[in-house]
Amino acid sequence: MRKAAIVVFAALAGAPLPALAQLAQSEPTNAGTGLLAPDALTTELPNGFQGDLSKFVDRKPEQAAAEAFYQARNYQPIWTGSPEALKRAEGAIAFLRSVKSEGLEPRDYPAPDLAGNLSEEQTAKAELQLTGSILRYARHASSGRVSYTRVSASILYPDHATDPAEVLNKVASAKDVNAVLQAFEPQQPGFVALKAALAKELATPEQDPPLQDREISKEHRGKDADDRNRKNTVGTIIANMERWRWLPRDLGQAHVVVNVPDFTLGVYKDGAPVWRTRIVVGKPGALATPLLSETMKFLTVNPTWNVPPSIIRNEYLPALERDPDALGRIGLRVSYNQDGSLRVYQPPGERNALGRIRFNFPNQFLVYQHDTPDKKLFARDSRAFSHGCMRVQDPEKYAEVLLSLSQPEENFTIARIRSLYGDQERTINLKQPIPVHVTYQTAFVDEQGQLNFRQDIYGLDAATLKLMRGDERMIADTPIARPQNASSKPVMARLPEREDRDWQGQYQYRGGWIGFGAAERSYASSPYRRIDRPFRLW
């Protein structure tokens with residue numbers, strides 16, 4: 001063990017400087033190098049190490065990993081004490097000072113100045129400061145500078161933060177520390193293309209947009225918003241690079257990508273586009289389409305539409321208060337589930353709100369992709385009109401493409417899919433499930449190499465940049481608890497002034513009857529449709 005190891009970690013243990021000097025004098029040096037010859041050092045964790053480490057390493061899992069890492073090395077430093085270590089440190093410091101190219105801020109990763117003759121205490125602090133900054137950078141590069149939990153409760157991606165022990169082992173053994181650090185950032189072509197676009201923007205002098213463009217109203221701007229100034233362009237690119245960090249590193253050999261602000265859905269195989277279609281997405285606000293990564297497992301032909309509790313609660317109960325015949329006129333039926341909660345549903349058919357096909361990737365937001373009998377909205381450029389689910393313009397072709405990727409030997413065609421249409425649900429399981437990634441790309445480079453911009457319909461760019469740059473920036477990467485999805489909570493409703501149950505197990509109310517339990521009946525044909533104020537919430 002070299003002198004640097006003793007100096008760095010004995011200093012952290014709180015030993016007085018005279019004792020350190022005496023310790024240093026007791027170890028033989030390598031003549032002409034200024035470094036000390038190897039020597040043995042106890043593997044006992046120095047007193048005070050954990051407390052000093054916490055000043056530079058801000059997460060407990062990373063502190064534990066760093067303690068174990070250094071202890072396994074007999075406290076040999078990785079940034080100081082030898083020409084090889086100093087070269088590694090110089091490369092790491094240069095990299096951290098250049099992270100603007102990744103849409104990050106160098107000030108978030110403070111680097112020590114290793115020039116000159118450092119005292120023992122300065123050397124100790126420099127070692128741990130650089131270790132802490134490298135761990136923080138690797139965490140941000142791999143999983144996000146901002147925790148998506150702070151941006152919206154309607155975002156859920158799988159955790160894929162890099163292991164801090166793996167980070168330290170990789171940098172300690174790296175021949176090219178720059179390559180190791182770059183590998184922590186996303187490697188998907190979409191991120192790489194945005195990184196190149198950011199570099200181009202940062203190298204371009206800032207210019208105001210032409211006067212005629214500045215005078216154009218927002219309502220008359222094109223989809224690509226050509227009048228963006230450099231500041232807005234850079235910010236938009238950075239926000240989109242940040243969202244790439246939230247996505248899984250492996251999107252899947254075959255996968256689906258939804259770009260919400262582009263109102264499109266694309267199918268990909270081996271990184272190449274296979275097919276694309278228009279979609280309708282959720283309205284801004286409480287009905288926004290959630291961002292997620294889940295797995296498409298099966299298709300439903302002739303689906304039943306079970307109306308989500310949020311729609312029952314917020315729209316259908318008030319409608320029934322105003323007009324007891326409202327649901328019957330649109331083909332909906334009302335019954336009760338076994339737990340007493342209200343069920344509103346629409347049987348399969350050509351008028352069904354889900355159309356003829358539903359594409360299922362189970363998720364906690366209860367959203368999916370589906371056909372629709374209302375095709376006129378696909379002609380619009382801006383298509384945010386749904387309750388959160390994604391309506392697909394050409395669902396039959398979409399089904400054919402998915403099945404050709406999942407089970408090509410079965411030769412599913414559009415004609416074969418249409419032959420399944422009827423009044424009974426039919427399920428087609430995907431033999432090879434296909435990942436689905438619902439993304440939010442307001443800036444992306446298309447297949448022709450052109451940088452595109454889309455409107456920030458949900459305000460996620462602004463929210464992300466505020467967290468990256470605002471008062472909360474130092475804690476922006478710390479996840480927070482999110483409210484439970486109240487939209488999936490069952491609706492418990494009942495008729496007023498309940499009287500005795502009759503012999504058939506139904507409850508009698510003033511003005512009519514309502515079935516209970518397994519009984520199902522069309523609301524339009526049931527006698528309780530004329531009841532005054534038929535429902536109220538518990």
Side-chain angles (χ1 to χ4, degrees), residues 1-58 62-97 106-138 164 167-174 177-178 180-181:
M1 180 61 61
R2 298 187 183 278
K3 173 185 177 182
I6 300 177
V7 169
V8 169
F9 295 104
L12 292 176
L17 290 180
L20 291 173
Q22 182 178 4
L23 179 63
Q25 292 172 1
S26 67
E27 184 162 345
T29 64
N30 287 325
T33 66
L35 301 173
L36 295 215
D39 194 4
L41 183 67
T42 177
T43 58
E44 182 181 354
L45 190 66
N47 293 330
F49 174 80
Q50 184 175 6
D52 286 291
L53 181 66
S54 65
K55 297 176 182 178
F56 301 100
V57 181
D58 58 355
E62 293 174 356
Q63 293 171 15
E67 290 174 21
F69 170 78
Y70 280 113
Q71 187 176 31
R73 292 170 56 88
N74 290 340
Y75 311 117
Q76 180 182 357
I78 59 176
W79 308 115
T80 59
S82 72
E84 181 184 17
L86 288 172
K87 182 179 179 181
R88 183 186 302 121
E90 290 170 359
I93 290 170
F95 183 90
L96 293 178
R97 289 173 178 169
R107 59 177 172 164
D108 293 335
Y109 317 104
D113 183 359
L114 298 178
N117 295 319
L118 302 182
S119 68
E120 292 87 349
E121 184 178 1
Q122 288 171 329
T123 303
K125 289 183 177 179
E127 173 75 19
L128 291 189
Q129 183 183 49
L130 189 49
T131 293
S133 291
I134 289 296
L135 287 172
R136 188 179 306 112
Y137 162 77
V167 173
L168 293 174
N169 283 314
K170 283 184 175 181
V171 297
S173 60
V177 72
N178 187 77
V180 169
L181 295 175

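None of the values given here were measured: they were computed from a predicted structure.
Residues Leu128 and Tyr70 approach most closely at CD2-CE1, 4.2 Å, considering heavy atoms. Ala174 approaches Val180 most closely through the heavy-atom pair CB-CG2, 3.6 Å. Of all heavy-atom pairs spanning Gly132 and Val57, the tightest one is CA-CG2, 3.8 Å. Heavy atoms only, all atoms of each residue included: Trp79 and Leu114 are closest at O-CD1, 4.3 Å. Across all their heavy atoms, Leu96 and Ser133 have their closest contact at CD1-CB, 3.9 Å. Here the closest non-hydrogen pair linking Ala172 and Arg73 is CB-NH1, 4.0 Å.
Judged by distance alone, with hydrogens and angles left aside, the side-chain atoms of Arg88 form a donor-acceptor pair with the main-chain N or O of Val171 at under 3.5 Å. Listed for the Asp113 side chain is a donor-acceptor partner under 3.5 Å among the backbone atoms of Ala115.
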Exercise for review: List the steps and the verdict of side-chain contact (heavy atoms from CB on, under 4.5 Å) for Phe56 and Thr131.
Suggested key: CA-CA 8 Å; Phe56 301 100; Thr131 293; over 6 Å; no
Exercise for review: Using the side-chain hydrogen bond (donor to acceptor under 3.5 Å, both in side chains) rule, take Gln129 and Tyr109 through it: C-alpha gap first, then chi angles, then the decisive distance, then the call.
Suggested key: CA-CA 9 Å; Gln129 183 183 49; Tyr109 317 104; over 6 Å; no
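Interatomic distance, CD of Gln122 versus CG of Asn117, reported as 10.0 Å (0.5 Å rounding). For the atom pair OG1 of Thr80 and CD of Glu127, the computed distance is 4.5 Å after rounding to the nearest 0.5 Å. Taking OG of Ser54 as the start and CD of Glu62 as the end, the distance is 13.0 Å to the nearest 0.5 Å. Taking CG of Leu130 as the reference point, atom CD1 of Ile78 lies at 7.5 Å (rounded to 0.5 Å).
Asp58 has a carboxylate O that lies under 4.0 Å from a charged side-chain N of Arg136, or vice versa, which qualifies the two as a salt bridge.
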